[in-house]
Amino acid sequence: MGLLDFFRPRFRLAIGDCSTRALTQADTFPVNLSGRTFDGQKSPLCQIHHLSGEFSLEPLDPSYPIRLDGREITRETPLRPNRNYALSLDKHLILVRITRKPKQIGDGFSEGNWDLAPRETPEDRETLPASQLTADHLQAKFKHPEDHLAFPTYGDACFTVADLALSLSTNPQQQAEAPNPLPPPPAPTPHNQTPSTERRDTHPPEPKHQHHPCPYCWKDFAPGDALNIAVHDSLTGDPVLGSHVKKRFAAERFNHLGQALDAEGVPSVDLACPHCRGRLPPSFFSQRQLILSLVGAPSSGKSYYLSVLLKLLPEELIRSFSTNLQDGDPSGNAQLNEMKNRLFSATTPEDAFISKTDFEGVMYERLHRDGKLVPLPRPFVYYLQHLESPDTRASLVFYDNAGEHFKPGIALEDSPGALHVASSAGLLFLFDPSTSPAFRKLLRRKRDPQLRTQATDDQDTILSELGVRVKKMRALESFERIDTPLALIVGKFDLWQNLLPPDCLHLPEDRPLTDQEIAENSSQVRQLLAKLCPTIVANAESISTQVTYFPVSSLGHSPKEIAEGPLAGRLAPNPKRLQPQLATTPVLWILSQQSPSPLHTS
């Protein structure tokens, strides 16, 4: 044993129950895996040994057939560490893995899916719908179920479909529905554990607060399930994400600092989601995550608003709330930082131009979700911490979604890039008055280039679709409302402010608005919207119980039409006239509605 072996976790046996998808572990060897006979007696079925660095599995009871990876075994069989084995014990299916990291047993295991494939072509897998996961369906569909394989993870460990059907025929739920049920054999348990530990075989998943939603695919996972990202150049090429991406792996070796080592012995400090395999931001598990979802029609100005917001918000927070907002992931935030710097460093409108977010452009990354590669929006992560109370902190995650994601007809399973709205701590809907026929009619005398362009107004439809998707993902009826704060931002305030009575709004320049001022501004804006665009108000207030209306100008002036060059005909701001108005107010309001609010100390 080398010196560094003292710093590494010892090998354990990870055990995954394929019916409940619960994970248990045995910390010492040998391990007896047991079932129960129908009269309730425990019966050891096999034993896993560890001797002189070698591992093996030995059947103990010849009256109970044991199959390892679909093959019946009758004698002691060697097992390799860091590999999943499919073990069929007395009609019960489990995965076993000898590993230093027993909380990981394979990508996709916790999702509960089964993939089926012919034995001759195991790569031709298709996911079995949950509605078809019954013994009757499998026996009717497959004439020779022993010639087909069933995979409980994305790896190679598999059972035969015949084993899967047999295990389903003794499923506890099905037994309970039978006329004269017999007590089913429970999940196998490590025989050398104490009774209190044995009960963990049917323990529920970890409490929700111990899980974290991935900022890419928004699926929950426990910290121990995160993958590491390889560093060495020879380890480029992930089997799921493609040849250009560094491999993701479940760490088994560690250095004296506790850092995971990749296959070439290089320390790996970056983690990845076990579901989509996207790179997680630094310090991802150290603080709560607040997702702020910005939604709007195509070309409504979301990218300009987000760029202005992330320029002004850190200044407002440090000045008025003694709170620091810092870039939490400089490499992941590179695209947003580039837009922000371009806008505020520009000297000409051409330099300040920001193109709309494309459906699958640079603001998106193709990642693995539910068995296929799909475009998912890049999260922009910032860390919020109160200077006088360091424990008051949170991670803010922003998204710049293409407006097309919220058009009806875009299937969630084919383009899930908008699913973050269902996990968000606050929704921001950016309404563009320059495309609204009612606003354009009242503003027709203005010589503003935004009013001369051809415009299609489908904003009420997109807002309605936003509500449909949030409620669908949260399993709510159409008439129910969420309690997530919804900030309805009426943008380009400099264009339409003359439609309101003079001096009816609070517009301080050197401080944030008070709660009363926000409410009074909201009332004025809502009255105008209810008169001109009543369906926008109706849709917003059918989504959330907390809707507030905000007048905002990202630029503070009308953009200029570029006359010549590659951007001829495009509209861009004059960087010398940038004067945003109330851009930070919607986000500050959403943060104030959180419980507890990261803006206030106890």
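Residue numbers run from 1 in the order of the sequence given. Values reported hereafter were calculated over all heavy atoms of this structure, with side chains retained and with hydrogens, waters and symmetry mates removed. No experiment lies behind these values; they were computed from the predicted model shown.
- If you check the side chains of Gln459 and Thr435, you find a donor sitting under 3.5 Å from an acceptor.
- Atom CZ of Phe429 and atom OG of Ser293 lie 13.0 Å apart (nearest 0.5 Å).
- Using a 4.5 Å heavy-atom threshold, the side chains of Cys217 and Cys273 count as touching.
- A donor atom on one side chain and an acceptor atom on the other are not found under 3.5 Å apart for Gln524 and Glu520.
- No donor-acceptor distance shorter than 3.5 angstrom exists from the side chain of His275 to the backbone of Cys214, with no hydrogens or angles considered.
- Between Phe431 and Tyr549, the closest side-chain pair of non-hydrogen atoms is not below 4.5 Å.
- Within the 4.5 Å cutoff, side-chain heavy atoms of Tyr216 are placed close to those of Pro379.
- More than 12 heavy atoms of other residues, nucleotides or ligands lie within 6.0 Å of NZ in Lys340, so this atom counts as buried by the packing criterion.
- With hydrogens and angles ignored, the 3.5 Å screen pairs no side-chain donor or acceptor of Ser436 with any backbone N or O of Pro433.
- Side chains of Asp327 and Asn333: a donor on one and an acceptor on the other come within 3.5 Å.
- Using a 4.5 Å heavy-atom cutoff, the side chains of Glu315 and Leu313 are not in contact.
- The main-chain N or O of Trp589 is found under 3.5 Å from a side-chain atom of Ser592 such that the two form a donor-acceptor pair.
- A salt bridge links Arg277 to Asp238: one of the charged nitrogens lies within less than 4.0 Å of a carboxylate oxygen.
- For the pair Arg21 and Phe109, the cation sits on the ring face: its NZ or CZ lies under 6.0 Å from the ring centre, inside 45° of the axis.
- Using a distance-only test at 3.5 Å, with no hydrogens or angles considered, no donor-acceptor pair links the side chain of His557 to the main chain of Lys576.
- Side chain of Thr323 to backbone of His386: no donor-acceptor contact under 3.5 angstrom is found.
- Not counting sequence neighbours, Phe249 has no partner by the ring pair (Phe, Tyr, Trp, His ring centres under 6.0 Å) test.
- In this model, no donor atom of one side chain and acceptor atom of the other lie less than 3.5 Å apart for Asp262 and Ser268.
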Exercise for the section: Step by step, work out the side-chain contact (heavy atoms from CB on, under 4.5 Å) result for Leu317 and Asn324. Expected result: CA-CA 7 Å; Leu317 287 169; Asn324 184 34; over 6 Å; no
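- Remark: the backbone N or O of Ser554 is not paired with any side-chain donor or acceptor of Tyr304 at under 3.5 angstrom.
- Judged purely by distance below 3.5 Å, without hydrogens or angles, the side chains of Asp351 and Thr348 pair a donor atom with an acceptor atom.
- If you check the side chains of Asp270 and Asn228, you find no donor sitting under 3.5 Å from an acceptor.
- Judged by distance alone, with hydrogens and angles left aside, the side-chain atoms of Tyr305 form a donor-acceptor pair with the main-chain N or O of Ala583 at under 3.5 Å.
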Give every donor-acceptor pair under 3.5 Å between a side-chain atom in residues 476-501 and any protein atom, sequence neighbours left out.
| unit_1 | atom_1 | unit_2 | atom_2 | d |
| --- | --- | --- | --- | --- |
| Glu480 | OE1 | Glu477 | N | 2.7 |
| Arg481 | NH1 | Glu541 | O | 3.2 |
| Thr484 | OG1 | Arg474 | NH1 | 3.1 |
| Thr484 | OG1 | Arg474 | NH2 | 3.1 |
| Lys492 | NZ | Asp432 | OD1 | 3.1 |
| Lys492 | NZ | Asp432 | OD2 | 3.1 |
| Lys492 | NZ | Ser434 | OG | 3.2 |
| Lys492 | NZ | Gln450 | OE1 | 3.2 |
| Asp494 | OD1 | Ser553 | OG | 2.6 |
| Trp496 | NE1 | Gly491 | O | 2.8 |
| Trp496 | NE1 | Lys492 | O | 3.3 |

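- Taking the side chain as every heavy atom from C-beta outward, Pro281 and Ser395 never approach each other to under 4.5 Å.
- Ser307 contributes a side-chain N or O that, together with a main-chain N or O of Ser303, makes up a donor-acceptor pair within less than 3.5 Å.
- Arg393 and Ser286 form no side-chain donor-acceptor contact under 3.5 Å, judged by distance and modelled atom types alone.
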Exercise for the section: Test Val269 against Gln259 for side-chain contact (heavy atoms from CB on, under 4.5 Å), laying out the working first. Expected result: CA-CA 7 Å; Val269 296; Gln259 297 170 324; 3.8 Å; yes
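- Remark: Arg279 engages Asp329 in a salt bridge, criterion side-chain N to carboxylate O under 4.0 Å.
- A donor-acceptor contact shorter than 3.5 Å links the side chain of Glu517 to the backbone of Thr514.
- Within 6.0 Å of CZ on Arg342 lie more than 12 heavy atoms contributed by other residues, nucleotides or ligands.
- Listed for the Asp225 side chain is no donor-acceptor partner under 3.5 Å among the backbone atoms of Phe221.
- Using a 4.0 Å cut-off between a side-chain N of Lys or Arg and a carboxylate O of Asp or Glu, Arg511 and Glu316 do not qualify as a salt bridge.
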